[in-house]
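The structure appears right after this line, and notes come after that.
Count residues from 1 along the sequence. Each ligand, and each atom within it, is numbered from 1 in the order the structure gives.
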Amino acid sequence: MFNDQKVSFSGVQPSGNLTIGNYLGALRNFSHYSEAYKCFYCVVDEHAITVRQNPADLRRRTYETLALYIACGLDPNKNTLYVQSHVHEHAELAWILDCFTMFGELSRMTQFKDKSAKHADNVNAGLFTYPTLMAADILLYQTDVVPVGIDQKQHVELTRDIANRFNQLYPDTFTVPEPVVSSTGMKIMSLAEPTKKMSKSDENVNAVVYILDDKDTIIRKFKRAVTDSDTEVRYADEKPGIQNLINIYSCFTGKKIPEIEQEFRGVGYGEFKLAVGEACSQALEGVQNAFKELMSDKKQLEDLMKKGSEEASWYARRTLGKVRKKLGFIQL
Ligand code: ATP
Ligand code: LTN
């Protein structure tokens with residue numbers, strides 16, 4: 001809460017091409033708060049370097065992620081859209097929060113366990129303290145709600161623990177945030193291994209539908225999606241592939257699960273998969289057109305980044321100033 005206004009904050013890493021998982025689990029839900037909340041949506045480039053990045057790719061994806069925020073419906077005049085590394089208070093508060101976060105807490109984070117297994121040759125300290133930088137992102141803005149996919153819930157819960165611990169020692173410093181996870185889009189699964197999360201850094205491009213994939217590619221990927229040997233379009237845990245496709249179809253069409261089962265009763269998987277592909281590509285068409293237009297004017301995107309980081313800095317400075325004072329750092 002800042003000046004009696006509730007705050008929404010979230011972030012996406014520019015670590016790959018954004019997927020429909022990012023769209024349905026996160027981006028699409030950001031705009032729900034634009035009217036009633038003060039909203040900060042950040043491109044978290046500092047988080048992305050916990051895994052090795054090619055500099056040219058990182059730069060391009062940072063522009064693209066900002067353009068996608070806007071293309072997905074976030075009006076830069078109603079939301080503060082910016083890049084994390086442009087607001088140095090994030091890194092500064094992260095160090096302070098490192099001193100209020102326990103080694104055991106960070107060791108329990110499942111994302112750390114997964115990523116350190118995946119990047120065994122580069123288990124760096126940043127990968128380990130990733131959640132304290134995320135806590136700094138959130139707490140700097142006195143955030144009330146954090147719209148995320150379910151995989152990030154554990155990090156937001158750790159953020160709450162850190163905020164409560166800090167507030168106990170130094171009362172009234174931080175608002176304690178709530179994670180908000182959408183019920184249907186919270187975990188879109190890989191099309192190749194439907195028990196695994198769809199992830200933008202997956203090496204198998206056929207397992208992932210990107211927001212910017214063209215219609216033919218989208219339809220081809222859904223056609224190839226791994227399902228079971230049954231033919232019935234039914235939402236059941238023992239049918240993870242079909243369950244995932246029903247979820248995706250439900251997210252894009254707004255139809256409820258029983259209605260979808262009814263719609264595809266007696267037709268084979270082929271027809272159903274085609275319908276999912278069509279619904280998906282149709283829903284993304286507007287986003288893709290807006291994205292192309294935004295990317296054709298880099299200067300405009302840079303102006304927006306500048307405006308966003310200036311707005312964000314104003315809030316970040318206030319919280320960090322309060323924290324520094326409470327800790328006993330000398331103000332000159
Ligand atoms: P990476 O593969 O680089 O770890 P990612 O695809 O998991 O990336 P993030 O940048 O870590 O994406 O996530 C951005 C937001 O998208 C987060 O709120 C996250 O919970 C959400 N998200 C990511 N993947 C999915 C998914 N498959 N289903 C639902 N939400 C998702
Ligand atoms: N950790 C998140 C990205 C992220 C984020 C945040 C999300 C960084 N800072 C603050 C919400 C709020 C991820 O890996 N998806």
Side-chain angles (χ1 to χ4, degrees), residues 7-30 33 39-53 57-58 61-62 64-65 68-69 72 82-85 87 90-91 93-94 97 109-112 114-116 118-119 126-127 129-141 143-160 162 177-191 193-205 207-211 244 247-248 251 312:
V7 174
S8 169
F9 183 98
S10 198
V12 176
Q13 302 183 67
S15 53
N17 296 325
L18 267 58
T19 73
I20 57 167
N22 299 130
Y23 178 68
L24 299 173
L27 275 172
R28 191 169 80 151
N29 308 318
F30 292 177
Y33 298 94
C39 295
F40 298 89
Y41 298 120
C42 181
V43 181
V44 291
D45 54 348
E46 290 171 330
H47 276 106
I49 63 162
T50 53
V51 171
R52 291 279 171 265
Q53 301 289 339
D57 289 343
L58 181 65
R61 286 176 179 145
T62 303
E64 287 177 353
T65 308
L68 274 176
Y69 277 3
C72 289
Y82 69 104
V83 176
Q84 189 182 33
S85 66
V87 181
H90 289 243
L93 181 63
L97 298 182
M109 295 294 114
T110 52
Q111 181 173 303
F112 172 69
D114 293 349
K115 293 220 167 167
S116 47
K118 196 168 160 202
H119 305 278
L127 199 59
T129 59
Y130 179 110
T132 56
L133 177 58
M134 177 160 162
D137 298 343
I138 296 168
L139 299 180
L140 267 181
Y141 300 93
T143 300
D144 297 274
V145 295
V146 187
V148 279
I150 198 143
D151 62 305
Q152 293 303 314
K153 198 168 172 219
Q154 191 186 33
H155 287 161
V156 183
E157 277 160 2
L158 176 62
T159 303
R160 290 172 59 84
I162 299 171
E178 292 280 349
V180 185
V181 177
S182 102
S183 55
T184 43
M186 63 184 179
K187 196 168 185 188
I188 302 301
M189 310 308 268
S190 152
L191 298 188
E193 290 172 77
T195 50
K196 218 180 82 181
K197 187 187 87 145
M198 184 182 285
S199 165
K200 65 169 117 70
S201 53
D202 197 319
E203 274 144 30
N204 177 3
V205 294
V208 181
V209 177
Y210 300 104
I211 299 178
N244 187 37
N247 264 335
I248 295 172
C251 286

Which atoms of ligand 1 sit under 4.0 Å from any heavy atom of [X]?
X: Gly25; result: 29 (C), 30 (N)
X: Lys115; result: 1 (P), 3 (O), 4 (O)
X: Val148; result: 18 (O)
X: Ser15; result: 3 (O)

Could you work out, for atom 13 (O) of ligand 1, the closest of Asn22, Val156, Leu18, Val44 by heavy-atom distance?
Asn22
Nearest option to atom 5 (P) of ligand 1, as decided by whichever heavy atom of Gln152, Lys197, Gln13 sits closest
Lys197
Which residue supplies the protein heavy atom nearest to [atom], what is that atom called, and how far is it?
atom: atom 10 (O) of ligand 1; value: Lys200 NZ, 2.6 Å
atom: atom 9 (N) of ligand 2; value: Asp137 OD2, 2.7 Å
atom: atom 15 (C) of ligand 1; value: Ala26 CB, 3.6 Å
atom: atom 18 (O) of ligand 1; value: Gly149 N, 3.2 Å
atom: atom 19 (C) of ligand 1; value: Asp151 OD1, 3.5 Å

Closest contact, heavy atoms only, [X] versus [Y]:
X: Val145; Y: Pro147; result: O-CD, 3.7 Å
X: Ala135; Y: Ile162; result: CB-CD1, 4.0 Å
X: Val208; Y: Ser199; result: CG2-O, 3.6 Å

Polar proximity ligand 1 side, [X] side, N/O cut 3.5 Å exclusive:
X: Pro147; value: no
X: Gly21; value: yes
X: Met198; value: yes
X: Ile188; value: yes
X: Thr19; value: no

Atom pair [atom1] ([X]) and [atom2] ([Y]), whose distance is rounded to the nearest 0.5 Å:
X: Asp151; Y: Lys197; atom1: CG; atom2: NZ; answer: 3.5 Å
X: Asp57; Y: Glu64; atom1: CG; atom2: CD; answer: 9.0 Å
X: Tyr210; Y: Leu68; atom1: OH; atom2: CG; answer: 13.5 Å
X: Phe40; Y: Thr143; atom1: CZ; atom2: OG1; answer: 7.5 Å

Note: Val12, heavy atoms under 4.0 Å from ligand 2, region reported as neither
Applying a heavy-atom cut-off of 4.0 Å, say which part of Ile138 lies close to ligand 2: side chain, backbone, both or neither.
side chain
Are a donor atom and an acceptor atom from the side chains of Glu46 and His90 found within less than 3.5 Å of each other?
no
Under 4.5 Å between any side-chain heavy atoms of [X] and [Y], yes or no?
X: Cys72; Y: Arg28; answer: no
X: Lys200; Y: Val12; answer: yes
X: Ser15; Y: Arg61; answer: no
X: Cys42; Y: Asp137; answer: no

So if I count the atoms of ligand 2 from 1 in the order they appear, which ones are less than 4.0 Å from some heavy atom of [X]?
X: Val44; answer: 8 (C), 9 (N)
X: Tyr130; answer: 1 (N), 2 (C), 3 (C), 13 (C), 14 (O)
X: His47; answer: 8 (C), 9 (N)
X: Phe9; answer: 10 (C), 12 (C)
X: Val146; answer: 11 (C), 12 (C)
X: Gln111; answer: 14 (O)

Give yes if a backbone or side-chain nitrogen or oxygen of His155 is under 3.5 Å from a nitrogen or oxygen of ligand 2, and no if not.
no
Flag Gln152 as yes when one of its N or O atoms lies below 3.5 Å from any N or O atom of ligand 2, and as no otherwise.
yes
His47 heavy atom under 4.0 Å from ligand 1:
no
Heavy-atom distances under 4.0 Å are what count here, so tell me which part of Ser201 touches ligand 1: side chain, backbone, both or neither.
both
Parallel, tilted or perpendicular, judged at 30° and 60°: which one describes the rings of His155 and Tyr130?
tilted
Name the one of Val43, Leu27, Asn17 that satisfies side-chain contact (heavy atoms from CB on, under 4.5 Å) with Thr65?
Val43
Only one of Lys153, Met109, Met134 passes side-chain contact (heavy atoms from CB on, under 4.5 Å) with Leu158, and that residue is Met109
Would you sort out whether Ser10 and Gln152 count as a side chain to side chain contact (heavy atoms under 4.5 Å, CB included), showing the intermediate values?
CA-CA 11 Å; Ser10 198; Gln152 293 303 314; over 6 Å; no
